[in-house]
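Computed from a predicted structure; not experimentally measured. Counting begins at 1 with the first residue of the sequence. Computation of the quantities below employed the complete heavy-atom set of this structure, encompassing side-chain atoms and omitting hydrogens, waters and symmetry-equivalent molecules.
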Amino acid sequence: MEIIKKVLFLAIGIVVGIFMVYSLEKRRYTLVPTTQKNLSKISKHDIAFYLFSDSLKQRVLNGCDAKTYRKLKILSYDEHFTLHANDMLYYEMLMAEKYKNSSACYNVYETMIGPCVPEDTLVDYHDFDIDEFRRIGLYYLKLGEQLGDYNCAYTIYELLYYHKIDSAGWKPVSYYEKRADKLLAERW
C-alpha cells in the first residue's frame with residue numbers, strides 16, 4: 001500500500017508539473033547575461049532580437065529617422081523586453097530637441113508627468129521633485145504644440161480648460177481649442 005501511495009503521488013506530481021510548464025506564459029526574451037558561463041543559455045532568437053534593438057537605438061542616435069524611433073518606442077511597450085518607457089526618455093528627448101519630432105515631445109510629456117501623481121510610490125520612493133517634472137513636461141508639451149502635434153495642443157487645451165495649470169504664460173484656452181481642431185482636421 002505504501003508503494004502505491006508513493007507511485008500515485010509521483011504520478012500526480014509529474015502531471016501537475018507538465019501542466020504548469022505548458023500553461024504558464026513563457027518569457028520570450030532572456031536577460032542579457034553578464035558572464036561567459038551564462039552565454040550559452042541565450043537562443044539565436046534572443047541574440048537577433050537584441051541586435052535588432054541595438055541597431056534601432058544606433059539609428060535613432062545617428063540620424064533623424066522617425067520610423068526607427070516609432071519601432072523602438074513600440075519595443076519599449078513589450079513587457080518582456082528590458083527597455084521600458086522610462087528608459088526611452090533619452091531617445092524621446094533626443095528626437096524632440098535635436099530632430100524637432102512633435103510626437104516625441106508628447107512622449108516626453110507622458111513619461112515625465114505620467115508617474116507624477118499624488119501618493120505614487122515610484123515618485124515617493126525616489127524623492128523626485130514633482131514640480132520640476134511638471135515644468136519639464138509642460139515645456140515639451142508647449143514645444144510639441146508649436147511643432148504641430150495634435151496631442152500636445154489638445155492636452156494643453158484640457159489642462160487650461162479644467163484649470164489644472166496656471167493660465168499665466170499660456171495663450172487663451174480658445175486658441176488651443178482651435179489649434180487642436182485644425183491639427184486634427186489636417187491629420188485626416
Side-chain angles (χ1 to χ4, degrees), residues 29 31-32 34 46-117 120 122-123 125-161 164-173 175-188:
Y29 312 114
L31 296 174
V32 176
T34 56
D46 293 333
I47 292 171
F49 180 80
Y50 281 106
L51 289 175
F52 174 68
S53 66
D54 284 344
S55 72
L56 289 178
K57 291 177 197 174
Q58 287 302 317
R59 287 173 32 200
V60 168
L61 290 173
N62 294 330
C64 178
D65 189 357
K67 287 182 181 180
T68 303
Y69 167 72
R70 281 193 297 274
K71 287 179 185 177
L72 190 61
K73 185 70 177 165
I74 290 169
L75 281 180
S76 73
Y77 295 128
D78 188 343
E79 66 185 36
H80 300 292
F81 186 45
T82 57
L83 181 72
H84 298 290
N86 291 337
D87 300 327
M88 280 294 296
L89 185 60
Y90 172 75
Y91 300 101
E92 292 166 353
M93 289 178 137
L94 177 76
M95 290 298 291
E97 287 290 332
K98 188 173 180 183
Y99 302 118
K100 303 300 182 202
N101 184 308
S102 61
S103 63
C105 292
Y106 185 73
N107 293 335
V108 171
Y109 168 77
E110 277 186 319
T111 303
M112 296 296 286
I113 301 297
C116 296
V117 294
D120 188 319
L122 179 67
V123 174
Y125 179 74
H126 291 292
D127 195 31
F128 291 146
D129 184 2
I130 295 175
D131 293 332
E132 186 67 16
F133 269 54
R134 281 181 55 89
R135 188 187 64 71
I136 294 170
L138 291 173
Y139 163 79
Y140 280 101
L141 200 61
K142 187 180 273 189
L143 178 63
E145 183 271 325
Q146 292 168 354
L147 294 172
D149 186 65
Y150 163 76
N151 291 324
C152 291
Y154 186 73
T155 302
I156 292 171
Y157 162 72
E158 279 191 331
L159 291 172
L160 289 170
Y161 183 79
K164 294 191 177 190
I165 58 174
D166 187 24
S167 62
W170 296 91
K171 295 176 183 172
V173 177
Y175 168 81
Y176 293 107
E177 181 180 24
K178 290 175 186 173
R179 177 86 166 136
D181 291 341
K182 180 183 173 193
L183 291 170
L184 184 61
E186 289 174 0
R187 181 188 272 184
W188 300 107

Exercise. Can you find a pair of side-chain heavy atoms, one from Arg134 and one from Ile165, that are under 4.5 Å apart?
Worked result: yes
Exercise. Can you find a heavy atom in the side chain of Glu145 that is under 4.5 Å from one in the side chain of Leu141?
Worked result: no
Exercise. Shortest non-hydrogen contact from Ala96 to Leu143?
Worked result: O-CD2, 4.1 Å
For this session: Check whether any side-chain heavy atom of Ile156 lies under 4.5 Å from a side-chain heavy atom of Lys171, and answer yes or no.
Result: no
Problem set entry | By side chain to side chain contact (heavy atoms under 4.5 Å, CB included) - contacts of Tyr99 (at least two apart) | Cys64, Leu94, Met95
Problem set entry | Note: Glu158-Lys164 ion pair, threshold 4.0 Å (strictly below) | no
Exercise. Roughly how far, to the nearest 0.5 Å, is the CG atom of Asp149 from the CZ atom of Arg187?
Worked result: 7.0 Å
For this session: Calculate, to the nearest 0.5 Å, the distance between atoms CZ and CD1 belonging to Arg70 and Ile74 respectively.
Result: 8.0 Å
For this session: Specify the closest pair of heavy atoms between Leu147 and Ser102, including all atoms of both residues, with the distance to one decimal.
Result: CB-CB, 3.7 Å
Exercise. How close do Lys100 and Glu97 get, heavy atom to heavy atom, and via which atoms?
Worked result: NZ-O, 3.3 Å
For this session: Quick one: closest heavy-atom pair of Val108 and Met93, and the distance?
Result: CG2-N, 3.7 Å
Exercise. Heavy-atom distance under 4.5 Å between the side chains of Tyr91 and Leu56, does that happen here?
Worked result: no
Exercise. Any side-chain heavy atom of Tyr139 within less than 4.5 Å of one from Ile136?
Worked result: no
Exercise. Does Tyr90 reach the side chain of Leu61, with side-chain heavy atoms less than 4.5 Å apart?
Worked result: yes
For this session: Taking ring pair (Phe, Tyr, Trp, His ring centres under 6.0 Å) as the test, write out the residues that go with Tyr161, two or more places apart.
Result: Tyr157
Exercise. Would you call the rings of Tyr154 and Tyr150 parallel, tilted or perpendicular, where under 30° means parallel and over 60° means perpendicular?
Worked result: parallel
Exercise. Minimum heavy-atom separation for Cys105 to Gly144, with atom names?
Worked result: CB-CA, 3.6 Å
Problem set entry | Thr155 and Tyr176, any side-chain heavy atoms less than 4.5 Å apart | no
Problem set entry | Pair Arg135 + Glu132: basic N to acidic O under 4.0 Å | yes
Seminar exercise, completed: Scanning both residues in full, the closest heavy-atom pair of Ala104 with Glu92 reads CB-O, 3.5 Å
Exercise. Hey, are the side chains of Asn107 and Met88 touching, using non-hydrogen atoms and a 4.5 Å cut-off?
Worked result: no
